[in-house]
Amino acid sequence: MSTPLQELKAAALKCTRCGQCLTICPVFGKTGEESNSSRGKLFILRALAEGSVQPTEHLMELAARCTLCMRCKSICPSGVDTTGIILELRRHLAEQGRLPLAKRLAFKAVSRGRLFDMVMSKASPFQSLLFRRTSQGTGVVARLPIPAAGLNLRRLVPELAAKPLRKLVPAVSKPAGATRARVALFPGCMLSYVYVDAGKALVDVLVANGVEVHLPDALQCCGTPLYSSGDVAGAASLAEANVRALASSGYDAVVTGCATCGSALLKEYEHVLQEGRSLTAWQDMKGKVMDVSDFLLRLGPKPYSHTVPLTATYHDACHLVRGMGVSKQPRSLIRSIPGLRFTEMNRADVCCGCAGTFSATHYGLSQQILADKVDDIMATGADVVVTGCSACKMQILDGIAHKNARTRVLHTAELLARAYGL
Ligand code: SF4
Ligand code: SF4
């Protein structure tokens with residue numbers, strides 16, 4: 001059940017209009033429009049609750065102009081749950097039928113778990129019908145602009161892998177020596193169907209650390225694209241399926257390899273799941289949800305076997321640093337790799353502008369935000385930029401390709417796999 005508008009209005013009234021959130025908002029920073037800031041969105045929410053504006057498509061468009069980076073929430077001196085209120089605003093508008101048709105269709109497809117899996121697993125050979133490789137070999141771009149699908153002739157799109165992750169690793173991967181822990185891996189859509197090498201690296205690194213890794217067959221999308229767009233009912237059906245697959249088998253931990261999925265499993269399901277068995281099962285399980293870097297540090301990582309003579313920098317995904325409270329852990333793992341030089345970038349925890357579907361629906365704005373991130377990365381002179389979020393990886397790869405830079409973008413697990421000689 002969505003939070004009643006009057007209740008949201010009361011929460012929004014805690015805002016003292018101090019304007020601090022405007023100073024750090026990446027969207028407001030590029031547009032200078034008050035409605036793009038959280039303060040502006042709280043004002044819209046109040047107007048909606050008072051009936052002075054109607055729940056139109058335009059209002060949904062204003063509500064969508066936010067990357068949900070949570071920076072405003074983290075600095076608000078009045079403790080306003082800005083992002084929570086923005087999400088509820090989107091939910092209200094979606095319930096009033098204001099979700100764009102393209103998103104409704106896409107979300108219906110994602111919600112059909114088995115069908116979605118079949119399409120994502122088998123579509124690789126047909127990509128060339130829609131996409132062509134760039135002449136620089138940096139990836140693929142659309143042959144034709146399809147604005148409703150967020151495709152234009154400039155955006156670098158990651159290719160679907162020829163085989164999904166579950167065809168590359170067994171359902172249960174066992175370590176050679178003693179088993180130190182038994183975990184379920186939640187890879188998420190990107191590591192399952194797109195960046196499968198990173199997904200495999202994640203499994204290999206865990207196994208090299210004495211971990212038995214289970215890849216439950218029934219896992220589905222974490223639901224964040226739906227939840228963050230306001231389709232909470234659709235997200236709930238995915239969340240229920242995931243909790244069913246993860247909660248009952250007595251795993252020591254549920255390890256996530258994607259910041260967005262991890263944040264969903266750790267926090268968002270509280271707002272997505274309805275009262276009932278799934279919510280109870282999730283409450284029992286959530287203490288076991290950990291990003292892979294957090295899990296490895298708690299376990300005690302085995303010593304690295306190889307030097308990695310690279311200069312690396314690290315980008316904090318919003319869902320990791322503010323969603324899961326993970327920022328020191330990956331840095332600690334990376335800094336201790338022999339031969340590697342770590343250099344911190346400026347504003348490492350500022351959003352890269354991806355925000356999932358935002359980068360498709362608001363490509364120009366997303367690119368403006370990304371340009372600052374790419375400048376900060378390039379200023380370090382690093383050979384690789386490491387991140388724990390596949391969506392950030394996709395976004396940064398796009399920005400780096402447009403600068404014709406050679407900086408590589410790796411998932412944390414891919415760098416660790418090198419240090420273990422995997
Ligand atoms: S920082 Fe908080 S109190 Fe200040 S304007 Fe933004 S939402 Fe309102
Ligand atoms: S969550 Fe981020 S993008 Fe959205 S209003 Fe807050 S600071 Fe701006």
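We number each residue from 1, following the sequence as shown. All figures in this text were calculated on a predicted structure; none of them were measured in a lab. Order of appearance sets the numbers: ligands from 1, and atoms from 1 within every ligand.
Near G19, the atoms of ligand 1 lying under 4.0 angstrom from a non-hydrogen atom of the residue are 4 (Fe), 5 (S). Short contacts between ligand 2 and S38, defined as distances under 4.0 Å to a heavy atom of the residue, involve ligand atoms 5 (S). Proximity to T83 (heavy-atom distance under 4.0 Å) selects the following atoms of ligand 2: 1 (S). The distance from ligand 1 to the heavy atoms of L42 drops below 4.0 Å at these ligand atoms: 7 (S). In summary, the atoms of ligand 2 found under 4.0 Å from a heavy atom of T67, numbered by their order in the structure, are 3 (S), 4 (Fe). Annotation for ligand 2: atoms under 4.0 Å from non-hydrogen atoms of V27 are 3 (S). Residue contact check: P77 has heavy atoms under 4.0 Å from atoms 1 (S) of ligand 1.
Of the heavy atoms in R17, only backbone atoms (N, CA, C, O) come closer than 4.0 Å to ligand 1. In C15, the parts holding a heavy atom less than 4.0 Å from any atom of ligand 1 are both the side chain and the backbone. For L68, every heavy-atom contact with ligand 2 shorter than 4.0 Å involves the backbone, none the side chain.
No cation-pi contact links K288 to Y251, judged by a cut-off of 6.0 Å to the six-membered ring centre and 45° from its axis.
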| request: Could you walk me through whether C189 and C221 pass the side chain to side chain contact (heavy atoms under 4.5 Å, CB included) test, one step at a time? | output: CA-CA 6 Å; C189 299; C221 166; 3.6 Å; yes
| request: Test K393 against Y195 for side chain to side chain contact (heavy atoms under 4.5 Å, CB included), laying out the working first. | output: CA-CA 9 Å; K393 176 173 171 170; Y195 298 128; 3.9 Å; yes
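Here the heavy atom of the protein found nearest to atom 4 (Fe) of ligand 2 is C66 SG, 2.3 Å. In terms of protein heavy-atom proximity, atom 2 (Fe) of ligand 2 is nearest to C69 SG, 2.3 Å. The protein atom (non-hydrogen) at minimum distance from atom 3 (S) of ligand 1 is T16 N, 3.4 Å. The closest protein non-hydrogen atom to atom 6 (Fe) of ligand 1 is C21 SG, 2.4 Å. When hydrogens are left out, the protein atom nearest atom 8 (Fe) of ligand 2 is C25 SG, 2.3 Å; that is the closest non-hydrogen contact.
Side chain of D252 to backbone of R182: a donor-acceptor contact under 3.5 angstrom is found.
Using a 4.0 Å heavy-atom cutoff, S37 is absent from the residues neighbouring ligand 1.
For atom 6 (Fe) of ligand 2, the N/O/S atoms of C72 include one lying under 2.8 Å.
Note that the CG atom of N36 and the NE2 atom of H362 stand 8.5 Å from one another [nearest 0.5 Å].
For the residue pair D291/S293, the side-chain donor-acceptor check at 3.5 Å is satisfied.
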